[in-house]
Colleague: 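My questions all concern the structure below.
Proteins come first, then strands; the chains are lettered A, B, ... in the order of their sequence lines, and each starts at number 1.
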Number of protein chains: 2
Amino acid sequence: MNKKTESRKEEIVRVAAKLFKEKGYSAVTMRDLAAAMGIKAASLYNHINSKQEILQLIVIAIANEFTSEMKSIQSSNDSCINKLHKIIQLHVKLSSQNSYGMACLNNDWMHLEDQLDHYKTLRTDYENDFRKILEEGINTGEIIHVKPEIMMFSILTTLRSLYVWIPKKDDINLQELSNTLSEILIKGINK
Amino acid sequence: MNKKTESRKEEIVRVAAKLFKEKGYSAVTMRDLAAAMGIKAASLYNHINSKQEILQLIVIAIANEFTSEMKSIQSSNDSCINKLHKIIQLHVKLSSQNSYGMACLNNDWMHLEDQLDHYKTLRTDYENDFRKILEEGINTGEIIHVKPEIMMFSILTTLRSLYVWIPKKDDINLQELSNTLSEILIKGINK
DNA sequence: GTCTATATTTTGATAGAC
DNA sequence: GTCTATCAAAATATAGAC
């Protein structure tokens, strides 16, 4: 969204995500957030109902994006290896678009209250879809036969940590990063 | 250390690490910790000086272990690939020995106060040593020629996230886990 | 839409009895 | 070594003026 059309509420959520990434949800106070916005804490409540609402807006929006895109990848006719390439591209895209939000998703989801169960469901579904792609690749012979659980863990934790690393390297072309990651994660590093 | 010889202070640190893993340092109160110990919050202060001291004891101890072991690996005569195998084993070992502490190290280091700079130095040194091993492997032709930074990121984030995953899978033989991880991280998953 | 003022709860930490 | 009682600071959130 264009910054000129960004609402005050959206601005609060964006600034909050940045602070949450640096110190974590619990360690950021409404006064910290207000100071970063250049207003007083009480003024925040004219736009949002609670600190908890901010966290929900950040986390659930991204989780829904992952869910939606995974369903699209899953229903395509690509080979398993190509589905994995697409998943890698998805994580690179969302991590570069919103590295602050990705940090919240990864580190602060457990501080969700009402939406905690909903988030857990989305996350488990995503992992199940990922695992199914690996299992199918093993069955068709595209992928080596090691425990899909360990393979998924290895790949997914790398992708989930991209937010730590992408903002430091914004000079790198994102397509190149996706390609290099695909090479490392899928082909390995052994010569 | 044997539980029978575990001091009350060590017990507090151990229980705190478990709570910190679940909710993060900032979200755990001294009252939470006291309740988990079966005593009142005020009683904790007979054994420790502050909440901050607990965090320091958890994080710095593990960081020192990583530093010490990395120096040992670095000074060995192993090939670069074998040095990587040893690093993987090191992370599996420390993550299985103390998954709660590893979670703190990864998620709560930024809440260190006096020891923050010291921790950052240890972490940067570790990453530099790791990168040097990869660069040497590229030079000698043992390892494919991709940016060592991306390769290190990919491997290290997987290893740093082991704590999430190991306690769920304690039925898995740790040597087998090290071997499978080595296979995935070094040889890749492509057939 | 932001402010001041304030209510209410929670926090880390201390003092002193037992 | 643990307790009760308590402090001082900091937290989320609300009310009402401008």
Colleague: Send over the distance from A:Lys40 NZ to D:dA13 C1', rounded to a whole Å.
Modeller: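 Distance, rounded to whole Å: 16 Å.
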Colleague: In whole Å, I'd like the distance from the CG atom of A:Leu44 to the P atom of C:dT2.
Modeller: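 Distance check: A:Leu44 CG to C:dT2 P gives 9 Å.
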Colleague: Under 4.0 Å between a side-chain N or O of B:Ser43 and OP1 or OP2 of D:dC3?
Modeller: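 Affirmative; the distance criterion is met.
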Colleague: Would you kindly give the CD1-to-P distance between A:Ile12 and D:dA13, to the nearest whole Å?
Modeller: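 Atom-to-atom, A:Ile12 to D:dA13, this comes out as 13 Å.
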Colleague: Let me have a per-nucleotide readout for nucleotides 7-18 of chain C, 5' to 3', with B, S or -, counting only protein heavy atoms under 4.0 Å.
Modeller: ----BBBBB---
Colleague: Rounded off to whole Å, could you give me the CD1-to-C1' distance for the B:Ile39 and D:dT4 pair?
Modeller: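 For the pair B:Ile39 CD1 and D:dT4 C1', the rounded distance is 14 Å.
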Colleague: Using side-chain contact (heavy atoms from CB on, under 4.5 Å), reason through A:Met37 and A:Arg8 one step at a time and then give a plain yes or no.
Modeller: CA-CA 10 Å; A:Met37 292 285 299; A:Arg8 204 86 172 108; 3.3 Å; yes
Colleague: Salt bridge or not between B:Lys147 and A:Glu183? Use side-chain N to carboxylate O under 4.0 Å.
Modeller: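 Salt bridge: no.
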Colleague: Would you mind reporting whether B:Ile87 and B:Ile155 have side-chain heavy atoms less than 4.5 Å apart?
Modeller: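 No, their side chains stay 4.5 Å or more apart.
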Colleague: Once the angle between the rings of B:Phe66 and B:His91 is folded into 0 to 90°, is it parallel (under 30°), tilted (30 to 60°) or perpendicular (over 60°)?
Modeller: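 If you compare the ring of B:Phe66 with that of B:His91, the planes turn out tilted.
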Colleague: Kindly say whether B:Asn64 contributes a backbone atom to a donor-acceptor pair with the side chain of B:Ser68 at under 3.5 angstrom?
Modeller: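 Pair absent, no side-chain N/O of B:Ser68 close to backbone of B:Asn64.
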Colleague: To the nearest Å, how far apart are A:His47 NE2 and C:dG1 C1'?
Modeller: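 Taking NE2 of A:His47 and C1' of C:dG1, I get 6 Å after rounding.
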Colleague: Can you confirm whether the side chains of A:Gln175 and A:Asn179 place a donor and an acceptor under 3.5 Å from each other?
Modeller: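 Short answer, yes.
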Colleague: Rounded off to whole Å, could you give me the CG-to-C1' distance for the A:Leu33 and C:dT2 pair?
Modeller: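 Going from A:Leu33 (CG) to C:dT2 (C1'), I get 15 Å.
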Colleague: CD of A:Glu53 versus P of D:dT14: gap in Å, rounded?
Modeller: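 It works out to 11 Å between those atoms.
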